[in-house]
Protein chains: 4
Amino acid sequence: MTDANDTAPPPGRRDARRNRERLVEAARRTFAEQGLDAPFDVVARRAGVGNATLYRHFPTRAALVDAVFGDLLAATSAAGERARSAPDPWEGLVGYLEHVFAGLAADRGSNDLMTAHLPDSRTLEAVHAHNRRTVELLLARGREHGSVRPDLTPEDVLLALAALGRTVPALAGAAGPGAWRRPLALLLDGFRASPGHGALPSPALRPEQFDAVLHRLGPHRAAPTRPGGPAGT
Amino acid sequence: MTDANDTAPPPGRRDARRNRERLVEAARRTFAEQGLDAPFDVVARRAGVGNATLYRHFPTRAALVDAVFGDLLAATSAAGERARSAPDPWEGLVGYLEHVFAGLAADRGSNDLMTAHLPDSRTLEAVHAHNRRTVELLLARGREHGSVRPDLTPEDVLLALAALGRTVPALAGAAGPGAWRRPLALLLDGFRASPGHGALPSPALRPEQFDAVLHRLGPHRAAPTRPGGPAGT
Amino acid sequence: MTDANDTAPPPGRRDARRNRERLVEAARRTFAEQGLDAPFDVVARRAGVGNATLYRHFPTRAALVDAVFGDLLAATSAAGERARSAPDPWEGLVGYLEHVFAGLAADRGSNDLMTAHLPDSRTLEAVHAHNRRTVELLLARGREHGSVRPDLTPEDVLLALAALGRTVPALAGAAGPGAWRRPLALLLDGFRASPGHGALPSPALRPEQFDAVLHRLGPHRAAPTRPGGPAGT
Amino acid sequence: MTDANDTAPPPGRRDARRNRERLVEAARRTFAEQGLDAPFDVVARRAGVGNATLYRHFPTRAALVDAVFGDLLAATSAAGERARSAPDPWEGLVGYLEHVFAGLAADRGSNDLMTAHLPDSRTLEAVHAHNRRTVELLLARGREHGSVRPDLTPEDVLLALAALGRTVPALAGAAGPGAWRRPLALLLDGFRASPGHGALPSPALRPEQFDAVLHRLGPHRAAPTRPGGPAGT
DNA sequence: TATGAATGAGGCTTCATTCAT
DNA sequence: TATGAATGAAGCCTCATTCAT
């Protein structure tokens, strides 16, 4: 599952693979804690290798991100497949979003991945593409099925996902790992077909407009966690 | 409402007022582009003054923010008053949120103001407090009135506001100044009382938990607009 | 007593004298608290005048010091005169030193004055000169009288004064305004003629050597008094 | 005794050891000239390396001080041991103080070390602790033995050491490396038991008061050695 | 290839000193 | 003349990136 997006040729050579894996794992944890713009030195130190080794394996931040979130692609894809084949399309959509949010709550880095644009990251592009495709399919089925409001577009869902997703780590830190369930439920009530819902105003985002939004959102940076506790002052 | 919070009200001196205004204007633009944690030096350079001059006028970042967004407080307060006295509470809530989002769309800095925690900024605290109070009142009336779903809390609304608000400048940039209307409508459909809505899961955020969320969100930082691509490296 | 050392011509002109006095008073207090290298702006602000006004009155730090400690010259001179005419020379010496130390304990600035070399300060030179002369006379009488050990030179006393003097403000802050009495008593027991005292080794400092010592000691700078209390950490 | 306190003992890497040594040497000289609060940049420049390199080797000032003065701890400890085991306690005390002063005369930095408070420096704390303990023991023995005046406390001696110690480098510079002998002899005559000595006035400093005094004294800063003369502006 | 080290630039803040009104 | 403002340099620290072994 990792191969398609690796910067280095397949899993090439010697014990350098060990180093690479340690780097990826260290980066995963560091990104989860500090966001995608964590210092390189921190990642290297955590991996127990020199920083230059990190550069050798991953010449750019995007390459590292690619490697780190290769797995996310797999996991997201799998969740997407499950959702696509769910008998009830509404349940499929709900389950899919819940899966994504649970990941965001568990891992700060995933958050950035789903909501951030990072140039040159093939993994990220792949995640975004698969994500979009999944939502498209689920919405289409849901509209047919009558459970999803007819004027809801994939971009509506993706935008809501990005917006709420960016708050999920903060929510998790302040109110526990399941705190995203309530705002998600609110969102879903808006997505659902209901006689009480009026028509949505203003045109839906076109796909490339949504991409531009992500692009402009940029990588997220957390409030510095100062000594004294993360929720104070 | 504005004067009481200014760091150094109009009774300034001579041409230094010119400088002050240039600083505030530079800060406004810089905050709009880079977020509330934009480098002081950038603001000063943009204003065409030395960095120490910036410090003279605004000894702390909070003072600068206060100066820049003093107007926002007044505007938000006025909008809040109007909303509170609206005959129809649902219309009042909608109108208030529309006002806030329109402000966010017009000025990136406003976004941070509404959603960021910045210690010692009286303007920011005042904006937050007024905002919360307005939402509280409107929800209370709306629930009585039957238009707002009964289990919706102010924190639900404030969180949605913060989450979507953070994307508004990106939306505006990518799809025009009114692009927030559609996602807001989706949100509102979730807020409205409707037989199709289930009960909201997981406990509502307590006020101090919401504050902690804001704190953890930190100031937003836009994708750096570098030569070669706006989001990365 | 002030005139001889003023930088500005006698007490010249108009209401500028008022400003000058306020500056001198502000400088006295500021020097007392922060030492002779206190920021100019602090002095000016405390005096309620612009910093440029301070510069106009006192183009150099030395000029300000001169003005500030003109009074000290007077006070020290008076104490010296009293000491010189004391019936018992030992009592005179003790009383003089006690006077000086009491001043040091009360006023941080005095400390610097007595022990610091500051180029171009005529007041400081005058204080030093008078101080030396007083000690010389008292020692001469004390040796004749038999109460002072015969090999004690003025430089011995002046050096001890400078060394202990530099600690007096710290002593006062940590253990009260009279804390200098005990170490001074120890010193005096060493100064006194006594059969138990051997001959002093190594040659006495020559006057110009003592000046060089003061020169090298430079102005004293206190430990920054950080929030949290001055005696902690 | 030295190795245990090194920030990064010999097992360094390659030619970086060269850099480290150059940094330590540069720091030693710079501290000797400017005191323990000399600018980091100056040290780095003198060592011919970038300032960040200094930070890499010594993340805090205390670490640098520790590295620079690690030897002093060993030397002081050894001198303390010799003094404690001297047959004649008075001679032990005298010898110990002479050793300390000789060190001060040779190296300005040592001066600060003995008399300055610097948070988090293990070397400094160790030096202070050992110094105090040595003086305590020697005084106790000397009082029993009858050579030390009975009311003399360790804090009396330590304060005198700090006060005179601060002048020793200036003394050495102005009058030669042995110039401290004469003022030390004067002090010792005051310490010695003698019928001519009265009772010491005012209570002795308590240990924590003495610590507060050191804290307040802060690091010493020499007169800036500028072009145009060694002590002035 | 891997490494630790080195670097330089950038952001922050404080002050002495000069300038414009 | 008095003033507040402006300035630039200096010190602190952090990090992305390149170098020497």
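A, B, ... follow the sequence lines: proteins, then strands. Residue 1 opens every chain. Below, each value reflects all heavy atoms present in this structure, side chains not excepted, and no hydrogens, waters or symmetry copies.
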Inset, instruction - Runs of at least three consecutive Watson-Crick or G-U pairs, both distances under 3.5 Å, are what I'm after; which ones involve DNA chain F? - result: E:2-21 with F:2-21
Inset, instruction - Return the value, rounded to whole Å, for the distance between atom CZ of Arg22(A) and atom C1' of dA2(E). - result: 13 Å
Legend entry - Sequence-distant partners of Phe40(A), side-chain contact (heavy atoms from CB on, under 4.5 Å), two or more places apart: Leu54(A), Tyr55(A), Arg61(A)
Inset, instruction - Taking the side chain as every heavy atom from C-beta outward, state whether Val24(D) and Phe69(D) have any pair of such atoms under 4.5 Å apart. - result: no
Legend entry - Between CD on residue Glu21(A) and CZ on residue Arg18(A), distance to nearest 0.5 Å: 7.0 Å
Quick one: which protein N/O atoms are closer than 3.5 Å to N/O atoms of nucleotides 11-15 of chain E? Pair and distance per line, please.
residue: dC12(E); atom: OP1; partner: Phe40(B); partner atom: N; Å: 3.3
residue: dC12(E); atom: OP1; partner: Arg61(B); partner atom: NH2; Å: 3.0
residue: dC12(E); atom: OP2; partner: Phe40(B); partner atom: N; Å: 2.8
residue: dC12(E); atom: OP2; partner: Asp41(B); partner atom: N; Å: 3.4
residue: dT13(E); atom: OP2; partner: Tyr55(B); partner atom: OH; Å: 2.4
residue: dT13(E); atom: O5'; partner: Tyr55(B); partner atom: OH; Å: 3.2
residue: dT13(E); atom: O4; partner: Asn51(B); partner atom: ND2; Å: 3.0

Inset, instruction - Check whether any side-chain N or O of Thr53(B) sits under 4.0 Å from OP1 or OP2 of dA5(F), and answer yes or no. - result: no
Inset, instruction - May I have the distance from Leu54(D) (atom CG) to dG8(E) (atom P), rounded to whole angstrom? - result: 15 Å
Inset, instruction - Could you tell me the separation between the CG atom of Asp41(A) and the OG1 atom of Thr30(A), rounded to the nearest 0.5 Å? - result: 11.5 Å
Legend entry - Whole-Å distance separating the NE2 atom of His57(D) from the C1' atom of dA5(E): 7 Å
Legend entry - Any Phe31(A) side-chain heavy atom under 4.5 Å of Val65(A) side chain: yes
Inset, instruction - Please report the C-alpha distance between Phe58(B) and Leu23(B) in whole Å, then the side-chain angles of each, then the deciding distance to 0.1 Å, and finally whether the side-chain contact (heavy atoms from CB on, under 4.5 Å) criterion is met. - result: CA-CA 9 Å; Phe58(B) 308 101; Leu23(B) 279 167; 4.1 Å; yes
Inset, instruction - Could you state the atom-to-atom distance from CZ of Phe58(A) to P of dA2(E) in whole Å? - result: 11 Å
Legend entry - Non-neighbouring partners of Asn19(A) that pass side-chain contact (heavy atoms from CB on, under 4.5 Å), sequence neighbours left out: Arg22(A), Val49(A), Thr53(A), His57(A)
Inset, instruction - Using atom CG of Leu64(C) as one end and atom P of dA16(E) as the other, report the distance to the nearest whole Å. - result: 12 Å
Legend entry - Between C1' of dT1(E) and CZ of Arg18(A), the distance in whole Å: 18 Å
Inset, instruction - In whole angstrom, give the distance that lies between atom CG of Leu36(D) and atom C1' of dG11(F). - result: 17 Å
Inset, instruction - Could you pull out all residues at least two apart from Glu25(C) that satisfy salt bridge (Lys or Arg N to Asp or Glu O under 4.0 Å)? - result: Arg28(C)
Inset, instruction - With sequence neighbours left out, write down each residue that passes salt bridge (Lys or Arg N to Asp or Glu O under 4.0 Å) with Arg46(A), or none if nothing qualifies. - result: Glu33(A)
Inset, instruction - To the nearest Å, give me how far apart CZ (Arg56(D)) and C1' (dT3(E)) are. - result: 11 Å
